[in-house]
Protein chains: 2
Amino acid sequence: MTTKDEIINLADSLIRDKGYNAFSFNDISKAIGIKTSSIHYYFPTKSDLGISVIKEQSKRFNILIKELADKSPEVKLEEFFNMYAQIKSDNKICLVGSLATDFNTIDKTVKNELKKFAEQILNWVTEILTEGKEKNIFSFQVNVRTKAIMIISNMLAIVQLSRLTNNDDFEAVKKAIIIELKQN
Amino acid sequence: MTTKDEIINLADSLIRDKGYNAFSFNDISKAIGIKTSSIHYYFPTKSDLGISVIKEQSKRFNILIKELADKSPEVKLEEFFNMYAQIKSDNKICLVGSLATDFNTIDKTVKNELKKFAEQILNWVTEILTEGKEKNIFSFQVNVRTKAIMIISNMLAIVQLSRLTNNDDFEAVKKAIIIELKQN
DNA sequence: AATATACTACCTATTAGTAGATAGGCAAAT
DNA sequence: ATTTGCCTATCTACTAATAGGTAGTATATT
């Protein structure tokens, strides 16, 4: 892995662990053993690094979407949940939730990249639910986009909330979503 | 309003606007026109201020619970949603979501206070749903506590997520939750 | 007189960011 | 084959701003 990729991965991890405003170039510097000035060589500003972190996640998300293209809506949704299960088991939160909290403090350029990433996620989940409903695998009364937002919301929030309540709550919520989608 | 209350209210507002690590004693100092050292007179450390913010919200929440004690589950839930509608219209996020994001950076004492507050909220929503189910007003298959977490999650996350998507999404999610609770 | 509330002045640590030096590798020109 | 020069990646050393926090003092209220 190149130093640049190492920096991006570490920044990603720190943002989802401590939040955007709590992580510093010094954290990364210490962790990978180069000076902060060397990080500025790759990323002139913190915003540049933030943007790269979002773009990297977006890239990986896109790869996942393509890999699962011919799978069933159930499998796709299960894989979507698995993303958050991984986040939970790392005691982290998701990038969108972390940066949404800090939204009013981040640069416009970072905001725009984040909006694009959130839209990408929302579009995919909406597609999964649409396909699932058409094939009578999933059942729900409300608008598809709204249902997609609700499921994403549940995942986004449960990784945050279960830091305060109980780690088991993640699994319970995941199962409950599936039960409700399959009822009737 | 006393200076102390003014500081608490402003800190609350700043935490829910920018996040715990992005607000400073200087922000408050400028806003209410006293020196930062004067804020330290009331709150020796930032953690002390953070704890007071949580305790104040908890106090107000408790008052709301008592005021609504003899109301129907529907009214109670509606009022619960109204809390978040207010947050959304202020373009803020909820305290629990904000501090959950910064959880790994806050003092143990703040963490404990936050956990207590989250439990208080969870208990109330669980009670509302239990009563609603008993009286056949609400209908859901999954465990009551889990359902309560899901509804809180939806609120916690939608105020964050709709910063990136669309402000109208809040109202859509709120209505969808009610529809789903009343189906069958 | 005592207490509450505010102030001035200061401290140390950390932040993001910059300027300039250095060293090694690679490739084209001599 | 050697030199020249550029590019990449790192360093040292620095800056200005801001952070949370402290000590001691002044003022106002009770």
Side-chain angles (χ1 to χ4, degrees), chain A residues 1-54 56 98-99 101-111 113-114, chain B residues 1-54 56 98-99 101-111 113-114:
Chain A
M1 190 164 45
T2 66
T3 302
K4 192 173 185 178
D5 288 335
E6 244 185 300
I7 296 169
I8 293 175
N9 287 344
L10 238 143
D12 174 280
S13 175
L14 286 163
I15 291 171
R16 295 184 300 106
D17 185 57
K18 301 165 55 165
Y20 184 81
N21 291 307
F23 100 89
S24 71
F25 279 54
N26 194 35
D27 292 332
I28 297 174
S29 164
K30 279 188 206 148
I32 66 178
I34 58 167
K35 301 291 163 182
T36 58
S37 50
S38 303
I39 304 169
H40 282 288
Y41 165 72
Y42 295 103
F43 307 98
T45 68
K46 198 177 182 182
S47 295
D48 291 322
L49 178 52
I51 290 170
S52 287
V53 167
I54 301 169
E56 179 60 30
S98 181
L99 293 175
T101 297
D102 296 333
F103 196 69
N104 293 338
T105 72
I106 58 179
D107 202 89
K108 202 171 187 175
T109 52
V110 186
K111 282 182 186 171
E113 207 58 44
L114 185 62
Chain B
M1 187 164 47
T2 66
T3 303
K4 192 172 184 177
D5 288 336
E6 242 182 301
I7 295 168
I8 292 174
N9 287 344
L10 238 143
D12 175 281
S13 174
L14 286 163
I15 291 171
R16 294 184 301 105
D17 185 56
K18 302 163 55 166
Y20 185 81
N21 290 308
F23 100 90
S24 71
F25 280 53
N26 194 37
D27 292 333
I28 297 175
S29 166
K30 279 189 206 150
I32 66 178
I34 60 166
K35 300 291 162 181
T36 58
S37 49
S38 303
I39 303 170
H40 281 288
Y41 165 71
Y42 295 101
F43 306 98
T45 68
K46 197 179 183 183
S47 294
D48 291 323
L49 177 51
I51 289 169
S52 286
V53 167
I54 300 169
E56 178 62 30
S98 180
L99 292 176
T101 297
D102 296 332
F103 197 68
N104 292 338
T105 73
I106 60 179
D107 202 89
K108 201 169 185 177
T109 54
V110 186
K111 281 183 187 172
E113 207 57 46
L114 185 63

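The sequence lines fix the lettering, A, B, ..., with proteins before strands; numbering per chain opens at 1.
A close approach under 4.0 Å does not occur between any side-chain nitrogen or oxygen of Ser38(B) and OP1 or OP2 of dT5(C). A sub-4.0 Å separation between OP1 or OP2 of dT8(D) and a side-chain N or O of Tyr42(A) is absent.
Atom-to-atom, OH of Tyr41(A) to C1' of dG20(C) comes out at 15 Å; the value is rounded to the nearest Å. In this structure, Lys35(B) places its NZ atom 14 Å from P of dC10(C), rounding to the nearest Å. At whole-Å resolution of the value, CD1 in Ile39(B) and P in dG20(D) are 9 Å apart.
Looking only at atom types and distance, the side chain of Asp102(B) has no donor-acceptor partner in the side chain of Thr105(B) under 3.5 Å away.
Here the side chain of Asn104(B) pairs a donor or acceptor atom with the backbone of Asp17(A) at under 3.5 angstrom. Side chain of Ser29(A) to main chain of Ile34(A): a donor-acceptor pair is present (N/O by atom type, distance under 3.5 Å, no hydrogens or angles). For Asn9(A) (side chain) and Glu6(A) (main-chain N/O), no donor-acceptor pair under 3.5 Å exists by modelled atom type.
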> Going 5' to 3' along nucleotides 25-30 of chain D, which nucleotides have protein heavy atoms under 4.0 Å from the base (write B), which only from the sugar-phosphate (write S), and which from neither (write -)?
Replying inline: ------
> Going 5' to 3' along nucleotides 13-19 of chain C, which nucleotides have protein heavy atoms under 4.0 Å from the base (write B), which only from the sugar-phosphate (write S), and which from neither (write -)?
Replying inline: --SSBBB
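Judged by the 6.0 Å distance and 45° axis criteria, Lys4(B) is not positioned over the aromatic ring of Tyr41(B). For the pair Lys46(B) and Tyr20(B), the cation-pi criterion (under 6.0 Å, within 45° of the ring axis) is fulfilled. Stacking of Lys30(A) on the aromatic ring of Phe25(A) is not recorded, the 6.0 Å distance cut-off and the 45° axial limit not both being met.
DNA chain D lies under 4.0 Å from at least one heavy atom of each of the following residues of residues 3-18 of chain A: Thr3(A).
Atom CD1 of residue Ile7(B) and atom CG of residue Leu14(B) lie 12.0 Å apart, to the nearest 0.5 angstrom. The distance from the OG atom of Ser47(B) to the CD1 atom of Ile106(B) is 8.0 Å, given to the nearest 0.5 Å. Atoms CG and OG, from Asp12(B) and Ser52(B) in turn, are 11.5 Å apart once rounded to the nearest 0.5 Å.
Checked against dC11(D), dC7(C), dA9(D), the side chain of Ile34(B) finds its nearest nucleotide in dC7(C).
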> Would Leu99(B) and Lys111(B) satisfy side-chain contact (heavy atoms from CB on, under 4.5 Å), going step by step from the backbone distance to the final call?
Replying inline: CA-CA 8 Å; Leu99(B) 292 176; Lys111(B) 281 183 187 172; over 6 Å; no
